[in-house]
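Labels below follow one simple rule: chain letters A, B, ... track the order of the sequence lines, proteins then strands, and each chain is numbered from 1. Here the structure is a predicted model, which means the values were calculated and not measured.
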Amino acid sequence: MLDPQLLRSDIEAVARRLAARPYALNAAAFAALDEQRKAVQSRTQELQAARNSSAKRVGQAKGRGEDVSALMAEAAQAGVELSGLEMKLQEIQDKVRDFLLDVPNLPHASVPEGKGAEDNLEMRRIGTPRTFGFAPQDHTDLGATLGQMDFETATKIAGSRFVVMKGPLARLHRAIAQFMLDVHTAEHGYTEVYVPYLVNADSMRGTGQLPKFEEDLFAVPRGDAGKFYLVPTAEVPVTNMVRDEIVPLEKLPLKFVCHSPCFRSEAGSYGKDTRGMIRQHQFDKVELVQISHPERSYEGLEALLGHAETILKRLELPYRVITLCTGDMGFSAAKTYDIEVWLPAQNAYREISSCSNFEAFQARRMQARFRNEKGRPELVHTLNGSGLAVGRTLVAIMENYQQADGSIEVPAALKPYMGGLEFIRAS
RNA sequence: GGAGAGGUGGCAGAGUGGUUGAAUGUACCGGUCUCGAAAACCGGAAAGGUCGCAAGGCCUUCGAGGGUUCGAAUCCCUCCCUCUCCGCCA
């Protein structure tokens with residue numbers, strides 16, 4: 001959520017910056033709504049003040065044992081207009097809030113302007129894609145040949161966009177997550193957290209999934225208590241740990257790492273990546289989250305990106321880093337770097353991590369604050385990034401480490417997690 | 001699932017339908033004292049919104065939402081959450 005003050009004071013500048021996304025801010029509608037809000041609010045508060053003071057007078061007169069029937073009748077009269085106005089004010093304030101909840105974040109000044117993926121800015125390429133002496137297979141074929149990756153059974157159990165893994169490949173999947181957690185906790189100073197995978201609507205609103213993107217989520221009904229949502233990323237539960245909190249200055253930055261499953265309905269992506277494990281309803285991810293001092297959040301973003309890159313370097317997987325342009329960024333982000341890993345079978349780089357600074361956008365929705373140098377509460381900045389997506393890392397390892405006979409070499413960094421196993425072969 | 005108790009400021013913990021936004025303690029900040037610290041004493045300090053150049057004013061907030069009342073932390077209703085006991089259970 002953007003700062004309402006900013007919209008009041010300089011809505012044209014806000015509109016201009018949002019136009020780069022592109023997002024058409026209805027400045028006139030907001031101005032009209034706010035003007036109405038102002039009128040109703042000041043009148044309401046005037047009447048509330050009058051009510052409070054006359055109620056106080058009644059109390060005082062009663063204390064002196066005087067007759068208060070006239071005073072009470074007068075006060076009752078004023079209450080009629082007030083209750084109507086209070087309702088009206090509530091309505092208007094809800095409208096203002098709904099309006100603001102729908103407006104995406106402002107792109108940071110360093111974000112390149114552009115319409116879509118083609119305008120993203122490549123920052124660097126690390127590692128050289130290997131040359132194969134044979135035609136590399138994709139992970140789906142490799143997994144089928146190994147007899148350890150089974151989409152048909154998953155479809156029987158659940159439906160499309162799920163997978164069943166077995167044996168050494170299932171273990172490799174686990175090893176990847178363990179390895180990432182170990183690196184981030186031992187070397188990068190993150191605190192490991194375990195969190196709920198079902199969250200309430202307030203949490204989803206806090207990080208920006210609701211109200212706009214409900215169709216991307218899986219919901220679980222539960223009677224009068226509303227519903228639970230399955231987390232689409234650990235970002236949601238982990239970032240919401242600081243919702244409605246005031247974090248002491250000296251605790252910043254908070255750095256959390258969390259391995260969790262992620263659930264996405266993938267509505268609207270029919271026909272996209274239908275083969276294999278690239279796009280699933282359920283996948284595992286190791287997520288990095290930072291709660292930062294506003295003045296240090298961009299340092300934090302560079303560091304966080306580096307932490308994610310470390311994993312790819314250790315696994316010796318070729319990748320590149322790109323800065324998303326204004327048109328390709330997510331709703332809540334002020335700046336986003338994507339890391340894309342090389343997939344030989346697709347002859348392309350594919351997203352394996354997305355690292356973003358949300359500045360105060362999520363913090364304002366969550367009322368996540370810290371006590372600043374002056375002792376005043378101030379909104380924190382929130383950041384997160386995949387470090388990394390586990391399923392896609394598995395895919396990248398299979399494809400980049402495949403041998404001519406269809407076996408998979410275990411990357412050196414993961415061998416300790418595989419009981420020393422060198423190659424994954426058909427069982 | 002059944003029975004009971006409870007949700008108040010960073011934490012602990014009072015609270016009567018009427019100058020209570022809320023005693024008191026503790027933690028925190030400033031000051032006095034001290035070579036320095038501790039202790040003691042004095043003082044300051046909730047959050048959000050809104051108006052204002054500012055000083056400051058006003059409004060809202062005692063789990064959430066409704067209701068009764070001139071006036072609700074206090075009374076009524078619904079919901080959520082926590083704790084204790086029983087049942088069930090990984």
Side-chain angles (χ1 to χ4, degrees), chain A residues 1-10 30-31 33-101 194-206 210 220-229 237 240-252 254 291 360 363-380:
Chain A
M1 194 158 80
L2 298 180
D3 183 358
Q5 305 290 1
L6 187 64
L7 267 80
R8 286 187 194 119
S9 61
D10 200 358
F30 181 81
L33 196 56
D34 194 54
E35 195 177 325
Q36 200 187 0
R37 187 222 94 230
K38 198 166 171 173
V40 174
Q41 182 164 6
S42 49
R43 179 67 183 146
T44 303
Q45 294 189 352
E46 227 170 78
L47 289 175
Q48 283 170 332
R51 175 203 58 195
N52 291 346
S53 81
S54 73
K56 200 175 265 183
R57 281 204 306 277
V58 171
Q60 288 167 336
K62 245 186 172 169
R64 291 190 298 265
E66 297 169 12
D67 174 47
V68 292
S69 53
L71 265 177
M72 277 171 59
E74 178 193 319
Q77 189 53 39
V80 179
E81 184 187 355
L82 182 58
S83 68
L85 267 179
E86 280 177 334
M87 262 162 57
K88 180 79 180 159
L89 180 62
Q90 188 58 51
E91 245 171 62
I92 294 171
Q93 281 174 331
D94 288 348
K95 275 191 201 165
V96 171
R97 183 169 158 276
D98 290 348
F99 183 96
L100 289 170
L101 282 175
Y194 172 86
V195 296
Y197 304 144
L198 292 167
V199 301
N200 56 36
D202 284 341
S203 292
M204 286 295 187
R205 235 186 324 273
L210 289 180
V220 181
R222 51 160 193 160
D224 291 333
K227 49 189 163 182
F228 281 135
Y229 293 90
N240 273 281
M241 290 198 304
V242 295
R243 171 153 52 86
D244 295 319
E245 297 288 333
I246 300 176
V247 181
L249 180 65
E250 65 274 12
K251 290 255 178 86
L252 296 179
L254 296 172
I291 309 299
R364 185 168 290 108
R365 290 169 164 244
M366 291 190 297
Q367 281 301 297
R369 295 166 295 171
F370 72 105
R371 206 166 282 285
N372 68 18
E373 292 77 357
K374 292 177 193 152
R376 310 301 303 169
E378 183 180 336
L379 296 171
V380 296

Using Watson-Crick geometry (N1-N3 plus N6-O4 or O6-N4) or G-U wobble (N1-O2, O6-N3), each under 3.5 Å, B:G21 is paired with none
Taking only the side-chain nitrogens and oxygens of A:Arg51, find out if one of them lies under 4.0 Å from OP1 or OP2 of B:U60.
yes
Can you check the A:Gln93 CD to B:C59 C1' distance for me, whole Å?
10 Å
Using the C1' atom in both, what is the distance from B:G43 to B:A47, to the nearest Å?
23 Å
Counter-base of B:U34, judged by Watson-Crick or G-U geometry with both distances under 3.5 Å:
none
For B:C58, which nucleotide is its Watson-Crick or G-U wobble mate, given both distances must be under 3.5 Å?
B:G49
Donor-acceptor pairs under 3.5 angstrom involving side-chain atoms of residues 81-94 of chain A: please list them, not counting sequence neighbours.
residue: A:Glu81; atom: OE1; partner: A:Arg43; partner atom: NH2; Å: 3.2
residue: A:Glu81; atom: OE2; partner: A:Arg43; partner atom: NE; Å: 3.3
residue: A:Glu81; atom: OE2; partner: A:Arg43; partner atom: NH2; Å: 3.4
residue: A:Ser83; atom: OG; partner: A:Val80; partner atom: O; Å: 3.3
residue: A:Glu86; atom: OE2; partner: A:Gln48; partner atom: NE2; Å: 2.8
residue: A:Gln90; atom: NE2; partner: A:Asp94; partner atom: OD1; Å: 3.1

For A:Leu249 and B:C28, what is the distance between atoms CG and C1' respectively, to the nearest whole Å?
14 Å
What integer number of Å spans the P atoms of B:G7 and B:A64?
13 Å
Provide, to the nearest angstrom, the distance between the NZ atom belonging to A:Lys56 and the C1' atom belonging to B:U69.
18 Å
Please state how far atom CG in A:Asp94 lies from atom P in B:U60, giving the value in whole angstrom units.
18 Å
Pairing partner (Watson-Crick or G-U wobble, both distances under 3.5 angstrom) of B:G9:
none
Complementary nucleotide of B:C83, counting Watson-Crick and G-U pairs under 3.5 Å
B:G4
Pairwise C1' distance for B:G17 and B:G67, with rounding to whole Å:
15 Å
B:G18 phosphate, OP1 or OP2, under 4.0 Å from A:Arg57 side-chain N/O:
no
Could you tell me how far apart A:Glu86 (CD) and B:G49 (P) are, to the nearest whole angstrom?
19 Å
Considering every strand shown, what is the Watson-Crick or G-U wobble mate of B:A90 when both distances are under 3.5 Å?
none
Looking for any heavy atom pair under 4.0 Å, which part of the strands does A:Glu245 touch: base, sugar-phosphate only, or nothing?
nothing
If you measure from the Lys or Arg side-chain nitrogens to the Asp or Glu carboxylate oxygens, is any gap between A:Lys95 and A:Asp98 under 4.0 Å?
no
Whether A:Arg371 contacts B:A47 is assessed here as follows: a side-chain N or O lying under 4.0 Å from the phosphate OP1 or OP2. Is that the case?
yes
Quickly work out the A:Asp244 CG to B:A64 P distance and round it to whole Å.
11 Å
